[in-house]
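Quantities reported herein were computed from a predicted structural model and do not represent experimental measurements.
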Amino acid sequence: MTDGSFSDSLTNIRMSPIVSISEEVRKRSPQFAQSTGKKFVLFQRGEIDFPTPAYVVDAAKKALDSGLTKYPKSGGEDGFKDAIAAKLRDFNRVEGLTRENVVVTYGGQEALELSFKLFAGRKGAGFAPTWSCALENFVPFAGIDFIEVPLEHDFAVNLAALEKVVRDIAFFYLNTPHNPTGKLFSEDEVRAIVELCDRHGVFVISDEAYERIVYDGRRHFSPLALPNENIIGAYTFSKTYAMTGWRLGYLATRNKRIIELIRLGNYTQTAGVVTFLQQAGRVALENRAEDEKAVAAMVGEFQERRDVLFGGLRSIKGVQVTKPHGAFYLFPNFSALIPDGLQGRERSMYVYDKLMDRGVATVYGACFGKHFGDNLRFSFSMTPPEEIREGLRRIREVLE
């Protein structure tokens, strides 16, 4: 039996290359440690080294002890969805939404996958570089013809380029703060993007996974704060509360037809998120004092890491790097350090391979689409400052 016997929506999916890189690191680490006496410096994955806040863990335990182990309500428990609506109002400045505008999902990833599935077989677009899971998983699973609209070299938005594309698509995927660049789209940029899409009858799928991880006193602006009916917001507890393994997220929109369809898709795939997780999520949102304390501590540490990594990379001759104001990634360009004449995979892997050989794990730019192949993504989500400094020392040895 060949792959031709099965659906393209599954046979065209690929495992994230970031997972493959992490597996390669795991394989090479013992030999590297044996030969050098040192550990790999891990910049490759968006995992978080903070524990889930204790008050959230305790809430899950209490929920289990109280018997919240039965079938969940389709689309999410009312109390949890009420807490989500209150959070959207107070943090995201989204007015007029109730529990009827929310579907609880297994992570933001399921919310996004179902959103892409709404437009199966049609055209969509998003800014490049693009999160690898969107390209490797959501797009082939839904059979989307996806167009990458490149950001400028400093990750500014080119509205003219976007307008050329937006006339022919069904939806636009917007990720803010942005993976892999760390760009925080400004309120003016978000408003301009949404207005352009609205003018052409295009839906906006807004991926806001990193909404609370913002630096330098700046504030995330949610597209869903605008009154348009064509905006779908996807959110997760993974990053804000260091709950990556809990798989808890949600989708919100003013469009009630979308809610009906997403709820059906959610029920078909998983029959709903387990109840004790929803109770933990409710407590995470409703205990504002603990919430603020936990998030402030994590973001403060991330900002210190960002500053160390950004300053170090900027000091290396030939490296072009833009300071991120959100998420926990930098996406520097290494074009000046790649030998002339290298093309294709050999070019995109040149710096990545050299750093990997020196025990520094990153993600090469080609993982994020057709553009920015000379860039590498550095995550500082699980790398303390002292390890970042060791990584920078090795990078200088390789590149200088």
Side-chain angles (χ1 to χ4, degrees), residues 45-66 68-88 90-92 94 97 99 101-115 131 133 137-138 175 179 205-213 220 222 224 232-253 259 262-263 265-288 290-292 294-295 298 327-328 381:
R45 199 160 190 184
E47 182 59 277
I48 297 174
D49 60 347
F50 282 80
T52 302
Y55 82 101
V56 181
V57 176
D58 289 342
K61 292 177 181 176
K62 289 176 182 176
L64 282 167
D65 289 340
S66 68
L68 291 181
T69 57
K70 307 302 181 184
Y71 283 130
K73 182 177 179 180
S74 176
E77 300 296 323
D78 289 347
F80 183 32
K81 293 197 292 184
D82 288 342
I84 290 169
K87 173 264 177 183
L88 288 169
D90 297 340
F91 176 77
N92 301 86
V94 179
L97 298 193
R99 66 176 68 159
N101 300 97
V102 175
V103 177
V104 178
T105 60
Y106 275 109
Q109 194 155 327
E110 187 189 17
L112 289 168
E113 179 258 305
L114 288 169
S115 296
W131 180 39
C133 274
N137 301 100
F138 309 149
N175 175 207
N179 178 5
I205 298 176
S206 177
D207 176 359
E208 302 176 46
Y210 303 93
E211 59 180 340
R212 299 283 295 277
I213 304 175
H220 165 70
S222 173
L224 204 58
I232 306 166
Y235 305 87
T236 180
F237 285 70
S238 292
K239 313 302 182 183
T240 300
Y241 301 101
M243 293 172 66
T244 51
W246 295 57
R247 313 314 304 140
L248 185 63
Y250 57 96
L251 175 147
T253 180
I259 290 294
I262 295 294
R263 181 180 168 189
N266 172 248
Y267 178 77
T268 301
Q269 291 188 157
T270 65
V273 174
V274 295
T275 50
F276 66 87
L277 288 184
Q278 294 192 52
Q279 178 60 17
R282 177 179 179 175
V283 171
L285 295 176
E286 289 183 339
N287 191 333
R288 299 292 176 92
E290 289 292 339
D291 169 297
E292 291 294 336
V295 173
M298 186 169 65
F328 34 63
S381 63

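- The shortest distance between side-chain heavy atoms of His220 and Ile213 does not fall below 4.5 Å.
- Interatomic distance, Asp207 CG to Tyr235 OH, rounded to the nearest 0.5 Å: 10.0 Å.
- Ala234 and Gly108 make their closest contact through CB-O, 4.4 Å (heavy atoms, listed as atom of the first residue, atom of the second, distance).
- Taking 4.5 Å as the limit, every side-chain heavy atom of Val102 sits out of range of all side-chain heavy atoms of Thr253.
- Judged purely by atom type and a 3.5 angstrom limit, Thr244 has no side-chain atom pairing as donor or acceptor with the backbone of Ser238.
- Annotation: Tyr250 is not in aromatic contact with Phe80 [ring centroid separation under 6.0 Å not met].
- Around atom CZ of Phe50, more than 12 heavy atoms belonging to other residues, nucleotides or ligands sit under 6.0 Å away.
- Closest heavy-atom contact between Pro51 and Ala242: O-CB, 3.8 Å.
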Requested in this report: Would you please test Val283 and Val56 for side-chain contact (heavy atoms from CB on, under 4.5 Å) and show each step?
Outcome: CA-CA 7 Å; Val283 171; Val56 181; 6.0 Å; no
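- Note on Asp90 versus Arg288: salt bridge recorded, some NZ/NE/NH1/NH2 to OD/OE distance being below 4.0 Å.
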Requested in this report: Show your working on side-chain contact (heavy atoms from CB on, under 4.5 Å) between Lys61 and Phe276 and close with a plain yes or no.
Outcome: CA-CA 8 Å; Lys61 292 177 181 176; Phe276 66 87; over 6 Å; no
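- Side-chain atoms of Thr240 do not come within 3.5 Å of backbone N or O of Phe237 as any donor-acceptor pair.
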Query - Full working for side-chain hydrogen bond (donor to acceptor under 3.5 Å, both in side chains) between Glu208 and Ser222 - result: CA-CA 8 Å; Glu208 302 176 46; Ser222 173; 3.0 Å; yes
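- Put simply, CZ on Arg263 and CG on Leu251 are 13.5 Å apart, with the number rounded to the nearest 0.5 Å.
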Requested in this report: Show your working on side-chain contact (heavy atoms from CB on, under 4.5 Å) between Asn266 and Leu114 and close with a plain yes or no.
Outcome: CA-CA 8 Å; Asn266 172 248; Leu114 288 169; 4.0 Å; yes
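- A side-chain donor-acceptor contact under 3.5 Å links Gln278 to the backbone of Glu77.
- Ile262 contributes atom CD1, which lies 4.5 Å from atom OG of Ser115 (distance to the nearest 0.5 angstrom).
- Between Ala59 and Ala280, the shortest heavy-atom contact is CB-CA, 4.0 Å.
- Under the ring-ring contact (aromatic ring centres under 6.0 Å, His included) criterion, Phe138 pairs with Phe116, Trp131, not counting sequence neighbours.
- Side-chain contact, Glu113 with Asn137: no donor N or O sits under 3.5 Å from an acceptor N or O.
- Remark: Asp82 CG to Leu285 CG distance equals 11.5 Å, nearest 0.5 Å.
- Heavy-atom minimum distance, Ala252 versus Leu97: CB-CD1, 4.3 Å.
- Just one of Arg212, Lys87, Glu286 meets the side-chain contact (heavy atoms from CB on, under 4.5 Å) condition when paired with Asp291; it is Arg212.
- Residues Phe328 and Lys239 meet the side-chain proximity criterion, which asks for heavy atoms closer than 4.5 Å.
- Although no hydrogens or angles enter the test, the distance criterion places a donor-acceptor pair under 3.5 Å between the side chain of Ser381 and the main chain of Glu47.
- Two residues are said to be in side-chain contact when any heavy atoms from C-beta on lie closer than 4.5 Å; Asp78 and Lys81 meet this criterion.
- Interatomic distance, Gln109 CD to Cys133 SG, rounded to the nearest 0.5 Å: 4.5 Å.
- Although no hydrogens or angles enter the test, the distance criterion places a donor-acceptor pair under 3.5 Å between the side chain of Thr275 and the main chain of Leu68.
- Distance check: Ile84 CD1 to Arg282 CZ gives 11.0 Å after rounding to the nearest 0.5 Å.
- Residues Tyr241 and Tyr55 have side chains in contact (heavy-atom distance under 4.5 Å, counting atoms from C-beta outward).
- Between Leu248 and Tyr106, every side-chain heavy-atom pair lies at or beyond the 4.5 Å cut-off.
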